[in-house]
Protein chains: 2
Amino acid sequence: MATPAGAPSNELSASLATEPETSAQRARRARIIQATLALASRGGYEAVQMREVAERSEVALGTLYRYFPSKVHLLVSAMAHELERMRLRLQRKAIPGETRQERVSYVLERSTHSLQRDPNLTEALVRAMMAADATVAEEVTGVRNQMADLIIQAMRNGRPATAEDVAYAGILQDVWFARQIAWLGGRVSSEEIWDDIEQAIALVLRD
Amino acid sequence: MATPAGAPSNELSASLATEPETSAQRARRARIIQATLALASRGGYEAVQMREVAERSEVALGTLYRYFPSKVHLLVSAMAHELERMRLRLQRKAIPGETRQERVSYVLERSTHSLQRDPNLTEALVRAMMAADATVAEEVTGVRNQMADLIIQAMRNGRPATAEDVAYAGILQDVWFARQIAWLGGRVSSEEIWDDIEQAIALVLRD
DNA sequence: GCGGATACTAGAACACGTTCTCATCCCGAG
DNA sequence: CTCGGGATGAGAACGTGTTCTAGTATCCGC
């Protein structure tokens, strides 16, 4: 049932044990995720149709469901995959900024813009996160831990994190997701979103 | 298309103009909302089935769709209805508490508990809010304004609200919704939710 | 009261997520 | 290499949100 999404980055990332897979199976899983991302990028949540994903990844519908027990599992796993890419990209160089506000702003802005450059994809992924019920708890927790890692890394800049830091990261993440929802609910523009998020960062992390 | 949900409480509540309706139409609308709440209360989001709602409210399926163009519209309107009841109940007596933290905690706790006393109903309503796309923007904005009104009223305790107050109310609302999602995603207990929300209140409203 | 427009009813029809069936393939144990 | 069992393929089938059609009722201006 566990859907491994990439290597954990630190103590927060639940390392979902990956049961052994043949290389053909790894390849199938990769093809499925790629097809999912392609379809999501083209037409958002509704364009990710299970029959279409199966066809594109050259896998039977039943097999797709064996790998990912629901559309939401599939998309949340795809989000984990994208976040992992983003984490690797960010890790290559040190996070700029003197204060933790500046660094957290930098990381969240990079992530937000990197996602919103592909609004359809973002819509699909965020919508899936919000639609997740208890059966997807494990995967969702993985994604949240990945995001929390990103934020905490920026806040602490290498120094060990306190319980307070984790709580702050949680709140910022809540605001981040809620603002994404507001955006894809057509209620605010992407600029307004960013203003709101920065305001929340300033508020939560003020000294 | 607009679905009026009750009288606005102050300048924030968008007063959706209610086009004239015959009393039979008002009665149909009321029956539909009641049937929706009953089904949601019994089995949550998935138990609110459009055919079942139509049958219980003694209305043809097509008519149901004329009144509410989708399941999400229907549930968001039901949420507006519930919030309006809550607002009226709270309005009857002054909000207790010396500081704005105390008052906001009081209001949000009352609201949260009042909702979580009926977890199935809460699940249905919150899930609908998160599933709302741009076509439901108007109704969602109505609900958000109702909640913001609640919070701002508690913060200001009668005094006029500043732009900052509105922003704070927005952040608190974001956290509130995100924590509800986490709860119905099976990732945290209802006690943890409440701790998280109180922490966010303390953080955002600290002096 | 009449006639035309609009609203309503009953039910079929369609789309897509999900489940099921059964035949075939592949992989590891012996 | 052979066998047995799990994995996969192909496709039918089902449930529920949504749309459509045709006929009937209701309302409103005259």
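Proteins come first, then strands; the chains are lettered A, B, ... in the order of their sequence lines, and each starts at number 1.
When the C1' atom of C/dC16 is taken as reference, atom NZ of A/K71 falls 8 Å away, rounded to whole Å. One can place CG of A/L74 at 10 Å from P of C/dT18, the figure rounded to the nearest angstrom. The distance from atom CZ of A/R26 to atom C1' of D/dA7 is 16 Å, rounded to the nearest whole Å. Whole-Å rounding puts the B/H73 NE2 to D/dT18 C1' distance at 13 Å. In this entry the distance linking CD of A/Q49 with P of C/dG17 reads 5 Å, nearest Å. For the pair B/F68 CZ and C/dA7 C1', the interatomic distance rounds to 16 Å; values are reported in whole Å. Atom CD in B/E52 sits roughly 16 Å away from atom P in D/dT18 (whole-Å rounding). The distance between atom OH of A/Y65 and atom P of C/dC16, rounded to the nearest whole Å, is 13 Å.
The closest side-chain donor-acceptor pair between B/S41 and B/D118 falls under 3.5 angstrom.
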Pairwise N/O distances under 3.5 Å, protein to nucleotides 9-12 of chain C:
from, atom 1, to, atom 2, distance (Å)
C/dT9, OP2, B/A60, N, 2.9
C/dT9, OP2, B/T63, OG1, 2.7

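When distances run from any side-chain atom of B/Q25 to the nucleotides D/dG17, C/dT19, C/dC8, the shortest one goes to C/dC8. Among the nucleotides C/dT19, D/dT8, D/dG17, the one closest to the side chain of B/M50 is D/dG17.
The cationic atom of A/K71 (NZ for Lys, CZ for Arg) lies less than 6.0 Å from the six-membered ring centre of A/Y45 and within 45° of the ring axis. For the pair B/R29 and B/F68, the cation-pi test (distance below 6.0 Å, angle within 45°) is passed.
OP1 or OP2 of C/dC8 sits under 4.0 Å from a side-chain N or O of B/Y67.
For A/R89, the CZ atom is densely surrounded, since the number of other residues' heavy atoms within 6.0 Å is greater than 12.
In this structure the side chain of A/T135 reaches within 4.5 angstrom of the side chain of A/H73, judged on heavy atoms.
Counting non-hydrogen atoms under 4.0 angstrom, A/V48 reaches the backbone sugars and phosphates but no base.
Counting all heavy atoms, side chain and backbone alike, A/V143 lies closest to A/L83 at CG1-CD1, 3.7 Å.
Under the 4.0 Å criterion applied to side-chain N and carboxylate O atoms, A/R51 and A/E55 are not assigned as salt-bridge partners.
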